Amino acid sequence: MSSAAGKGKKMVTDPYETLGIRPGASEEEIKRAYRELVKKYHPDRYQNNPLADLAAEKLRDVNEAYDMLMKNGGSGSSGSGNYNAKGSPVFQDIRRDIDMNNLAAAEAKLNNIPTRNAEWIFLSGMISYKRGYYDDARSKIQQASSMAPNDQEYRQALYQMNAAGPMYRNQAYAGGYDQNRQMLCDACQCAMCLDCLTPGGCL
Amino acid sequence: MLGYVICEKPEMKMKDLEVYQGYYCGICKAVGRQCGQLSRAALSYDAAFLAAVIDGVSGKRSVPLPEHCAVHHIAKKPVIYSSSVEYAADVMIILARYNALDDAKDEPSPKTFAAASMLAAPYKRARSRRPELAEEIKTLLRELALLEKEASPSIDATSDCFGRILVSVIMHGIRDTDGSRERILRRFALHLGKWIYLADAADDLEQDIEKGNYNPFVLRYGYDPEKETPRVFRQRIRDDMERNLLILCREMSGALDLLDIGTNVGIIDNIVKMGLLRSTDNVLRGREGKKDGNRSL
């Protein structure tokens, strides 16, 4: 299965380096750097140039680096040297694997990452979820959410897990299920067959 | 592990009930042919559900025929003859045999030995008809026994192991499935197996504590005999057990909606969307006042 990341080229590991700015640069600095680089590598400048594909790759990297840095809000971790900040390419790669149900691959990649921040724990939980390991998933998603309380993604995931039971129950109620209905044949404890519950009783 | 997959009878249509009963009676007759009239231990409505699912997935419509019943002498009972019934009967015999062997090991007595040996010959025949299935079940049960012996506190791992048994059972029973159908069925079967395992654990909470038997909930939620009685423990973890059970039901329900079921839709929907809820509510309540815990539907 071909990944969206391109044909075998390494992805951006250091967004600051790619944009040529200092780590922890301000948003204004990031945007300025981005605009300059986009102008530099713009395809219009490389039309009919045999090196056009290389320019396209560079442009892709620039865009990726810009996205990584601009999506950094809400996780509580700053950009300075922390390339596992939310939305980092390492985690994005893992997210892709999870989305495509390549759970073994996702897990292997996760295990190679030493820093166990909120996103790491969250993604580990998501892998568990897809495996049907819901107890583990819930613990981890809850932990990620308490590590990063402002993060909507983790909160939403936890909410959905907690809502599963009530949703199932409500659907049953809508279909006519009555929680308080008395089961009629407790008296005879007949394990043989359905007849007990019909008028006419057990024979 | 048997007896938890039930229907919500008041919500079943009469025609569906007849087919459901027809599967049950058909399996009863098949088991009777294999084991003699004595081994009704291998019988339950879980098997009827299995047969209904197999036929439902292949779109086979089965018409129950009225026949004489050895137990209920007066009125005739609806009986279905089909490959799904034969398969379900074999599954039940294999599972009953392993169950009986377990009982004989846990509580050696003339009674448990007799029950196990009565199933020996029928089991061998069923195994010769379904060799891969029997082998997979044996391997998975062994894996499960190991987890339980190691006192695994993981609800996930233990239930997953049993879930894979259900995957084997369902997938071996269904002839041709294409890619996406197979994915859905496997997921459905896995979750059903997990649910059965945990429903059984929830049901047996007090009993397992008393007898010192393995119970995933007891370990996971840290039962403390110094601080609580089994009953109090049940109250404490009731919501946790409910959450664990119902998320499985929700996933099953979701899988079912994606599956293209040709026949027995009413039966299968009733059981998955309401019967399992009924069963969940039953096991959460516990067996207040019920001695040996045998329940009717």
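Chain A is the first sequence line, chain B the second, and so forth, proteins listed ahead of strands; every chain is numbered from 1. Values in this document were obtained by computation on a predicted structure and should not be read as measured data.
Neither the backbone nor the side chain of B:L245 comes within contact range of chain A; no heavy atom of the residue lies under 4.5 Å from a heavy atom of that chain. Looking at A:R169, the atoms closer than 4.5 Å to chain B (heavy atoms on both sides) sit in the backbone and in the side chain alike.
The minimum heavy-atom distance between B:L246 and A:G165, with the atom names listed, is CB-CA, 3.6 Å. Taking each heavy atom of A:G132 and B:D156 in turn, the nearest pair found is O-OD1, 4.3 Å. Heavy-atom minimum distance, B:L277 versus A:A172: CD2-CB, 3.4 Å. Summarising the geometry of A:G175 relative to B:E11, their closest heavy-atom pair is O-OE1, 3.4 Å, with the distance given to 0.1 Å.
Shown here is A:K130, whose NZ atom has more than 12 heavy atoms of other residues, nucleotides or ligands within 6.0 Å. Within 6.0 Å of the CZ atom in B:R183, the count of heavy atoms belonging to other residues, nucleotides or ligands does not exceed 12. The 12-atom threshold is not exceeded at CD of A:E27, counting heavy atoms of other residues, nucleotides or ligands nearer than 6.0 Å. The number of heavy atoms from other shown groups lying within 6.0 Å of CE (A:M167) does not exceed 12.
Put simply, OH on A:Y173 and CE on B:M274 are 12.5 Å apart, with the number rounded to the nearest 0.5 Å. A distance of 8.5 Å separates CG in A:D178 from CD in B:E8, rounded to the nearest 0.5 Å. For the atom pair B:C249 SG and A:Y168 OH, the distance stands at 4.0 Å (nearest 0.5 Å). Taking CZ of B:R243 as the reference point, atom CZ of A:R138 lies at 3.5 Å (rounded to 0.5 Å). Put simply, NZ on B:K9 and CZ on A:R181 are 12.0 Å apart, with the number rounded to the nearest 0.5 Å. Atom-to-atom distance recorded for B:S159:OG and A:Y133:OH is 7.5 Å, nearest 0.5 angstrom.
Residues B:D281 and A:Y177 form a side-chain contact, since some pair of their non-hydrogen atoms from C-beta on lies under 4.5 Å apart. Between A:R131 and B:L190 the shortest side-chain heavy-atom distance does not fall below 4.5 Å.
Chain A forms the most heavy-atom pairs under 4.5 Å with one residue out of B:R187, B:E251, B:E242, and that residue is B:E251.
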